[in-house]
Amino acid sequence: MIEKTVAELSASLSRGDISSVELTQAYLDRINQYNSTLNAFVTVCEESALTQAAHADAARADGLTSPLLGIPLAHKDIFCTSGIKTSCGSKMLNNFIAPYDATVVSRFNDAGAVMLGKTNMDEFAMGSSNETSYFGPVKNPWDTDRVPGGSSGGSAAAIAADLCAMATGTDTGGSIRQPAAFCGITGLKPSYGRISRWGMIAFASSLDQAGPICKSAEDAALMLNAMAGLDTKDSTCADVPVEDYMADLNNSLQGLRIGIPRQHFAEGLSPEVEQAVREALGVYEKLGARLIDIDLPNNHLSVSAYYVVAPAEASANLSRFDGVRYGYRCANPVDLEDMYKRSRSEGFGDEVKRRIIVGTYALSAGFYDAYYRKAQKIRRLIKQDFNAAFQQVDIIIGPTSPHTAFMLGAKTDPVAMYLEDIYTIAVNLAGLPGMSVPAGLANGLPVGMHLVASDFAESRLLNVAHQFQLNTDWHRLRATAFEEGH
Amino acid sequence: MEWEAVIGLEVHVSLSTNTKLFSGTASIFGAEPNTEANIFDLAMPGTLPVLNKEALRMAVKFGLAIDAEIGKRSVFDRKNYFYPDLPKGYQVTQLDFPTVGKGSLTITLEDGSERQIGVTRAHIEENAGKSLHEDFHGMSGIDLNRSGEPLLEIVSEPEIRNAKEAVAYLKKLHVIVRYLDISDAIMAQGSMRCDVNVSIRPKGSTELGTRTELKNINSFRFVEKAINSEIQRQQYVLEDGGTVIQETRRYDAERDTSSPMRSKEFANDYRYFPEPDLLPVEIDDTYIEAIRATLPELPDAKSARFVSEYGLSDYDAGVLTATREMAEYFETVARSSGDAKMAANWVTGDLQAALNKNNWDLAESPIQAERLTRLIQRIKDDTISGKIGKTVFEAMLEDGSDVDQIIDSRGLKQVTDSGAIESLVDEVITNHPEQVQQFRDGKEAVLGFLVGQAMKLSQGKANPGQVNQLLREKMQ
């Protein structure tokens with residue numbers, strides 16, 4: 001039962017095959033059994049989850065039906081949850097209990113979903129391997145010596161090991177899609193502004209976007225239906241009508257124009273990953289789609305631009321963690337300066353500090369034009385590349401990551417780590433919706449296929465992903481060690 | 001050597017919106033510490049700003065009032081610095097694209113001449129909280145009630161030449177924002193604050209000297225004193241062969257001196273960049289014109305109209321338009337009494353004196369417009385004399401009852417009965433034979449004395465015209 005998709009579980013709950021309490025208990029048991037190995041959850045809310053599940057069962061008995069009613073989920077620990085610790089993977093917030101719920105959290109609560117707990121993540125979402133978490137790295141269920149990807153590694157591993165039915169993530173440069181690829185699951189980063197950022201602890205405000213991490217494109221559609229929409233508490237939230245993301249899933253792909261960016265199949269891509277993605281593209285051709293080579297000429301600038309814009313915004317976003325009002329404060333400060341310096345030096349990990357320093361530098365007097373302003377220009381160029389591409393094609397497909405999950409501790413050079421997101425980052429800079437779906441295995445590890453659509457074309461994206469999943473079983477595949485009953 | 005000063009003012013006014021600039025919290029002066037601060041004001045992780053549209057509207061209104069360019073697209077920026085009363089670690093302000101661009105206002109100097117002072121820009125920004133350093137035993141207390149309140153920072157061109165002009169400029173801003181009803185602009189409460197940039201240079205020079213910035217000035221009077229003191233200081237420094245250092249100085253009004261706060265070497269690098277949590281604010285002509293339509297008549301226009309429409313002197317018109325309330329009060333009385341000149345005299349004279357003496361706002365005064373109107377009407381219809389009018393006015397300050405009732409109950413009605421006046425006149429003629437003779441000998445001036453005596457006998461109630469006429473008749 002625990003390996004089923006949300007869509008399937010929802011049907012089971014409706015039929016009364018299982019209750020939400022039973023389902024919730026089953027996941028709690030799984031978490032108990034495997035979390036010490038995987039470190040996917042940082043907080044488990046056993047009691048409140050069972051209470052929520054009982055409420056969901058009672059509501060269902062009262063005739064309420066909603067696709068997410070009684071479905072157990074996990075939230076990335078970046079979303080504020082009223083009364084439950086929100087650490088953002090940091091020592092800085094290890095004592096922080098938010099007095100309010102993020103909009104994403106309230107929307108799942110309103111939909112009747114059951115929150116099992118909060119998942120581990122790279123500290124303040126800064127990382128591509130989940131190794132920067134204050135709470136230790138998450139292990140990849142496919143090989144526990146390997147990273148699950150990051151920053152939403154806890155959510156991705158929890159889905160891959162069936163510790164929950166669905167999970168939330170956030171994606172600033174690839175933080176949903178890359179871990180989804182590494183863990184062999186489905187992850188969607190919607191268009192910037194599609195989902196409210198209220199209550200989602202900011203890393204880089206102009207790039208951050210919440211999204212579903214789940215077991216199928218259909219589940220992503222169900223989750224997006226609950227998550228998307230205008231929120232007056234977030235000024236950057238788009239006033240674009242929310243579609244029923246389930247509606248177009250079964251549209252035919254006959255005549256679909258798929259853009260294959262040359263720059264995404266170039267040097268640096270592992271041959272096994274390339275092969276898996278090319279085979280997946282073959283599936284689309286059989287479904288009637290056409291493959292068209294396209295160029296994204298400025299793609300090579302995206303990582304550099306990103307590592308100016310994101311740290312710049314982060315350097316300001318993280319200023320509020322000063323030891324004054326909440327969070328970590330150093331012991332016995334002698335004066336204000338000492339309190340600031342030691343609280344922040346002791347409270348933040350190395351990667352966070354590195355990015356704060358980079359961002360502070362990039363915004364400094366005399367450097368602003370050379371870095372921040374130039375990066376914003378590149379951002380516009382990248383957006384133009386995509387706009388031009390979408391004149392020719394309906395969707396862009398390539399690999400999510402140049403390779404499969406790497407070994408824990410393998411990447412010690414920060415720049416090598418930053419290059420992890422070479423295919424995903426441009427999508428954030430352009431604000432487009434992107435998705436990673438399992439497309440095969442390479443040396444026994446999952447390969448992610450990256451799909452990108454134009455602004456607010458999530459329905460199209462989900463349709464294209466769903467059609468692939470109707471014709472393949474990669475998304476059903478589990479690591480042997482975590483197959484049910486194992 | 002003769003020196004001249006170059007002065008520019010940065011004036012912050014608190015916009016009187018119901019809620020803060022980016023959070024829904026009420027903004028109330030004087031509330032218990034930290035009771036008017038919500039999760040956004042506390043900079044809780046995950047919270048986001050939403051622009052208060054009223055603050056934008058007020059800024060645009062100000063811009064239109066000073067004929068400024070209005071930014072069709074204004075952009076908020078983050079100004080980064082660490083301070084405990086700045087909870088986010090940055091202040092949201094507008095750097096390159098302020099809502100209000102270049103404009104100007106006209107100041108009137110003491111000799112009655114006018115000068116235009118350019119306004120470089122006015123931008124919207126949020127206030128910081130307050131740090132309290134006393135009563136916390138070696139720690140600091142933080143009050144975030146003020147944090148996030150909307151401010152409009154109005155920056156003048158460095159075109160002000162002396163302290164008096166600076167005060168005139170400041171007072172003009174004060175009256176404009178109050179006319180527009182966008183700020184209380186009370187300097188003592190901090191809802192209007194002023195930083196002054198001062199430099200001096202040899203008279204006639206076109207180069208600018210090194211400027212200093214004076215902070216912590218909280219009254220019009222201190223602005224004048226602080227500027228004069230700083231001009232003096234810079235002059236001493238330069239004449240002594242020294243150089244003025246570019247720095248920020250804190251003015252101490254008690255000792256009338258200033259001392260350095262921080263010099264340029266330690267200046268913060270604020271690392272401004274566009275606030276990514278807010279979209280650029282785009283406004284169109286329809287929006288701007290709708291606000292223009294709500295603009296009240298401004299003091300200069302009102303004053304000019306008072307001169308032309310009511311025949312007032314420039315001086316009286318200026319006094320009467322000093323506040324919007326005063327101008328409206330005057331105009332009500334002028335129109336309903338039908339005598340603008342008399343209305344102006346009463347308002348600028350006795351009423352103003354009573355307000356000053358009792359420290360009343362116009363709204364708290366017992367002499368509301370309809371009561372003053374009635375008083376003027378009674379003088380005009382000869383029920384009372386102008387002189388008795390003053391007595392009635394004094395009574396009205398104490399006694400809230402109807403003006404006619406005050407006149408009746410105190411027996412202040414003018415005596416116009418010719419029999420009664422005749423007996424008064426007879427009595428005066430009998431009692432002052434010497435003066436009567438002088439009059440008959442052609443000494444006209446004595447008539448005034450005799451009228452005065454008659455008025456005195458009547459306790460001021462006799463109609464002076466009638467007395468005058470009858471005295472003449474009887475003495476011929």
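In what follows, chains are A, B, ... by sequence order, proteins preceding strands, each numbered from 1. Quick caveat, the model's predicted, so the values are computed rather than measured.
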Given that the side chain runs from C-beta out, which part of N80(B) has a heavy atom under 4.5 Å from chain A: side chain, backbone, both or neither? side chain
What I want to check is whether the side chains of S90(A) and E123(A) have a donor and an acceptor closer together than 3.5 Å. yes
Before giving the answer on side-chain contact (heavy atoms from CB on, under 4.5 Å), spell out for D195(B) and L214(B) the whole-Å C-alpha distance, their side-chain angles and the decisive distance to 0.1 Å. CA-CA 6 Å; D195(B) 299 336; L214(B) 298 170; over 6 Å; no
Does any backbone or side-chain atom of T86(A) lie under 4.5 Å from a heavy atom of chain B? Answer side chain, backbone, both or neither. neither
Surrounding CZ of R211(B) (heavy atoms of other residues, nucleotides or ligands, distance under 6.0 Å), is the total greater than 12? no
Greater than 12 external heavy atoms within 6.0 Å of N332(A)'s CG: no
Pairwise side-chain contact, T43(A) with I84(A), heavy-atom cut-off 4.5 Å (strictly under): yes
So what's closer than 4.5 Å to chain B heavy atoms on N317(A): side chain, backbone, both or neither? both
If I measure from the heavy atoms of chain B, does A98(A) come under 4.5 Å with its side chain, its backbone, both, or neither? neither
I need the single residue from K189(A), K76(A), R197(A) that forms a side-chain hydrogen bond (donor to acceptor under 3.5 Å, both in side chains) with T170(A). Which is it? K76(A)
Residue selection (most heavy-atom pairs with chain B, distance under 4.5 Å) from E313(A), R320(A), M200(A): R320(A)
At a 4.5 Å cut-off on heavy atoms, which part of A102(A) comes close to chain B: side chain, backbone, both, or neither? neither
Structural part of L336(A) lying under 4.5 Å from a heavy atom of chain B: side chain
F97(B) CZ: over 12 foreign heavy atoms closer than 6.0 Å: no
Highest number of heavy-atom pairs under 4.5 Å with chain B: which of S364(A), C80(A), S206(A)? S364(A)
Heavy-atom check, side chain of M58(B) versus side chain of I124(B), under 4.5 Å: no
Taking the six-membered ring for Trp, are F96(A) and Y326(A) parallel (under 30°), tilted (30 to 60°) or perpendicular (over 60°)? tilted
Heavy-atom distance under 4.5 Å to chain B: side chain of F321(A), backbone, both or neither? side chain
Side chain, backbone, both or neither of Y272(B) within contact of chain A (heavy atoms, under 4.5 Å): backbone
Looking at Y83(B), F82(B), F40(B), Y81(B), which one has more heavy-atom pairs under 4.5 Å with chain A than the rest? F82(B)
On the six-membered ring of Y328(A), is K91(A) placed so that its NZ or CZ lies under 6.0 angstrom from the centre and within 45° of the ring axis? yes
Can you tell me if CD on E289(B) sees more than 12 non-hydrogen neighbours from other groups inside 6.0 Å? yes
Pick from L278(B), L51(B), I142(B), L42(B): which one has the most heavy-atom pairs with chain A under 4.5 Å? L42(B)
For chain A, find its close neighbours in residues 89-96 of chain B: heavy-atom separation under 4.5 Å, sorted by number, or none. G89(B), Y90(B)
